[in-house]
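One structure is given here, and the rest of the page talks about it.
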Number of protein chains: 2
Amino acid sequence: MAKLDESLLTGLPPFSQLERPQIRAILDEAISRRYDEGKAIFREGFDADHFFLLLDGFVRVSRATETGEQVIVLHISPGQLFGIARALQRETYPATAIAAAESIVLSWPMRLWGPFIDSYPSFAAESYKTVGLRLGEIQASLTEMATKAVEQRVAATVLRMANQSGRKTEDGIEIAFPITRENIADMTGTTLHTVSRLLSGWQKQGIVKSTRKHVVVTDPHRLVVLSQSNS
Amino acid sequence: MAKLDESLLTGLPPFSQLERPQIRAILDEAISRRYDEGKAIFREGFDADHFFLLLDGFVRVSRATETGEQVIVLHISPGQLFGIARALQRETYPATAIAAAESIVLSWPMRLWGPFIDSYPSFAAESYKTVGLRLGEIQASLTEMATKAVEQRVAATVLRMANQSGRKTEDGIEIAFPITRENIADMTGTTLHTVSRLLSGWQKQGIVKSTRKHVVVTDPHRLVVLSQSNS
DNA sequence: CGCGCGTTTGAAATTGTTCAAGACCTGTGG
DNA sequence: CCACAGGTCTTGAACAATTTCAAACGCGCG
């Protein structure tokens with residue numbers, strides 16, 4: 001396998017304060033791999049034997065219920081660590097990670113977790129910070145689900161994705177990975193039918209523009225209003 | 001202030017592998033305090049200047065929405081650490097903690113967090129494990145909210161509280177702290193009216209027995225069935 | 001160019017909320 | 001010791017939001 005280039009990691013928070021040779025050592029232990037859209041990176045309940053860094057693409061993290069339904073918990077953007085179950089003393093992955101778009105992922109065997117944490121303070125700090133941010137995000141979803149009506153939840157969810165992983169286009173902010181009505185339904189605890197109706201309605205009002213597996217937010221401000229109104 | 005007795009901590013996971021003098025040192029830094037039912041221990045958004053251990057009683061952890069509604073995220077039982085925002089590199093508390101029943105709490109100033117983590121491996125491990133368990137619990141709530149109907153959510157929630165902090169009585173398992181219909185509604189994202197109707201119905205069927213601020217599960221098995229049925 | 005997945009849309013059915021009113025406890029103060 | 005006040009719980013009825021069921025459409029990949 002060709003050597004990975006050091007510039008891959010130099011800008012990223014977990015490695016920001018490290019010297020060249022340290023980054024070199026870290027990279028030499030890493031395996032790089034490409035995942036096609038829809039391919040699983042790891043699955044809920046399985047042995048947590050690796051941890052990961054997303055270099056490019058997007059990853060969808062979901063949990064399944066006993067009855068087979070799935071709930072999408074969050075999305076991972078490039079530059080983020082994931083599959084860091086060990087940070088929480090877990091032996092197994094608590095959720096399933098699937099490539100939402102074609103993705104490039106670095107991975108390390110979990111036995112390096114301890115050494116990394118001990119040797120690289122910025123790696124430890126960033127890991128725990130990441131966990132904290134995700135916990136916050138999940139709590140935010142939970143409170144939304146508990147207090148907001150469906151339209152507000154969908155608006156808030158679309159908005160969050162546009163903010164976290166949107167890219168600007170001439171029409172507005174476009175969610176940067178393929179996403180179906182059903183995906184959005186799985187994030188908001190509703191049905192694809194309801195999501196379809198909502199998006200259609202918003203499109204008529206010029207708030208969003210959407211095509212197959214694709215959503216562009218053209219009027220973020222009005223979407224914010226929608227996500228907050230409790231009438 | 002009277003010296004705290006070392007036996008308070010000896011049985012608890014965070015301190016289980018420590019020697020007598022270490023526990024003595026930890027206790028000498030701690031402040032013990034009693035909180036009446038309903039009193040806040042810390043509030044969301046405030047400076048995270050202390051971390052806590054619940055010795056006796058129960059603590060309700062909740063978040064508020066911009067519009068003033070509150071969502072109860074989880075309950076803390078005796079022996080557990082809480083307010084450990086620093087484990088996640090946070091500067092402020094991400095939620096509000098209120099005594100659900102009269103409670104006895106130990107607290108330490110947050111400046112001791114680093115030293116504790118560095119000096120006592122079992123404390124570090126237990127802290128992160130606690131975070132992991134809570135994350136799991138919140139994720140479970142989230143998937144429940146997203147996939148289950150109200151009756152199933154309420155059944156699952158009552159069951160969870162009975163399991164985590166119930167005590168056996170001759171009638172069945174009793175939730176060990178005062179809890180109103182409205183509290184349960186705030187946990188499940190519904191209204192106190194609906195909760196009241198459900199509990200009344202279950203009581204007629206002999207599944208639970210409830211009085212003011214008080215719930216006893218008399219037939220856990222049927223409640224499990226209810227919490228899972230998707231008919 | 002055709003097929004399949006993703007999407008749209010109506011209508012009926014249903015679940016849960018909202019509104020409204022009253023009953024019931026329990027601790028407090030006279 | 002009793003009455004009262006405030007918080008808690010119950011229940012009916014109307015209503016609204018969302019799901020379910022059903023059918024059809026159409027874009028885009030292979």
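Residue numbering restarts at 1 for every chain, and letters A, B, ... go by the order of the sequence lines.
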Exercise. Does OP1 or OP2 of dT19(D) have a side-chain N or O of T191(A) closer than 4.0 Å?
Worked result: yes
Exercise. Taking the six-membered ring for Trp, are F82(A) and F52(A) parallel (under 30°), tilted (30 to 60°) or perpendicular (over 60°)?
Worked result: parallel
Problem set entry | Aromatic ring pairing F51(A)/W108(A), orientation class (parallel under 30°, perpendicular over 60°, tilted between) | parallel
Problem set entry | Among dT18(C), dT7(C), dT18(D), the one nearest L192(A) by side-chain distance | dT7(C)
Exercise. If you check every side-chain atom of A149(B), which of dT18(D), dG16(C), dG6(C) has the closest atom?
Worked result: dG16(C)
Seminar exercise, completed: Rounded to whole Å, the NE2-C1' distance (H214(B) to dG7(D)) equals 18 Å
Exercise. For dT10(D), does OP1 or OP2 lie under 4.0 Å from any side-chain N or O of S196(B)?
Worked result: yes
Exercise. For dT10(D), does OP1 or OP2 lie under 4.0 Å from any side-chain N or O of R181(B)?
Worked result: yes
Exercise. Does any donor atom in the side chain of T188(B) or T190(B) lie under 3.5 Å from an acceptor atom in the other side chain?
Worked result: no
Problem set entry | d(NZ, K204(B); C1', dT10(D)) in whole Å | 9 Å
For this session: Starting at atom CD1 of I179(B), determine the distance to atom C1' of dC9(D), rounded to an integer number of angstrom.
Result: 15 Å
For this session: Measure from CG on D186(B) to P on dT17(C) and round the result to the nearest Å.
Result: 12 Å
For this session: Give L199(B) one of three labels, base, sugar-phosphate or nothing, depending on what nucleic acid heavy atoms sit under 4.0 Å from its own.
Result: nothing
Exercise. OP1, OP2 of dT19(D) versus side-chain N and O of T194(A): anything below 4.0 Å?
Worked result: yes
For this session: Please report, rounded to the nearest Å, how far the P atom of dC21(D) is from the CZ atom of R197(A).
Result: 13 Å
Exercise. Start at the 5' end of DNA chain D and walk down; is the nucleotide closest to S210(B) or to V150(A) reached first?
Worked result: S210(B)
Problem set entry | Nearest heavy-atom neighbours spanning A48(B) and R86(B) | O-NH1, 3.9 Å
Problem set entry | Net bend of the helix from dC1(C)-dG30(D) to dG30(C)-dC1(D), end axes of five pairs each, nearest 10 degrees | 40°
Problem set entry | Spacing between W202(B) atom CH2 and dT10(D) atom C1', to the nearest angstrom | 16 Å
Exercise. If every non-hydrogen atom of L54(A) is compared with every non-hydrogen atom of S103(A), which pair is closest and at what distance?
Worked result: CD1-CB, 3.9 Å
Seminar exercise, completed: Between P178(B) and N183(B) the two heavy atoms that sit nearest each other are O-OD1, 4.4 Å
Distance-only donor-acceptor pairs under 3.5 Å for side chains of residues 37-44 of chain A, two or more places apart:
unit_1, atom_1, unit_2, atom_2, d
E37(A), OE2, K213(A), NZ, 3.2
E44(A), OE1, A64(A), N, 3.1

Problem set entry | Atom pair distance, as rounded to whole Å: CE in M145(A) and P in dA17(D) | 19 Å
For this session: Please tell me which of Q203(B) and T211(A) maps to the more 5' nucleotide of DNA chain D, matching each residue to the nucleotide holding its nearest heavy atom.
Result: Q203(B)
For this session: Output the single nucleotide from dC21(D), dC9(D), dT17(C) whose closest atom is nearest the side chain of K213(B).
Result: dC9(D)
Seminar exercise, completed: For P14(B) and L81(B), the nearest pair of non-hydrogen atoms, with its separation, is CG-CD1, 4.0 Å
For this session: Grab the CG-P distance between L198(A) and dT9(C) for me, whole Å please.
Result: 12 Å
Exercise. Is there a donor and acceptor pair closer than 3.5 Å between the side chain of H193(A) and the base of dT7(C)?
Worked result: no
Seminar exercise, completed: Looking only at dG16(C), dT7(C), dT8(D), the nucleotide nearest the T180(A) side chain is dT7(C)
Problem set entry | Side-chain donor/acceptor contact of R212(B) with base of dT10(D) under 3.5 Å | no
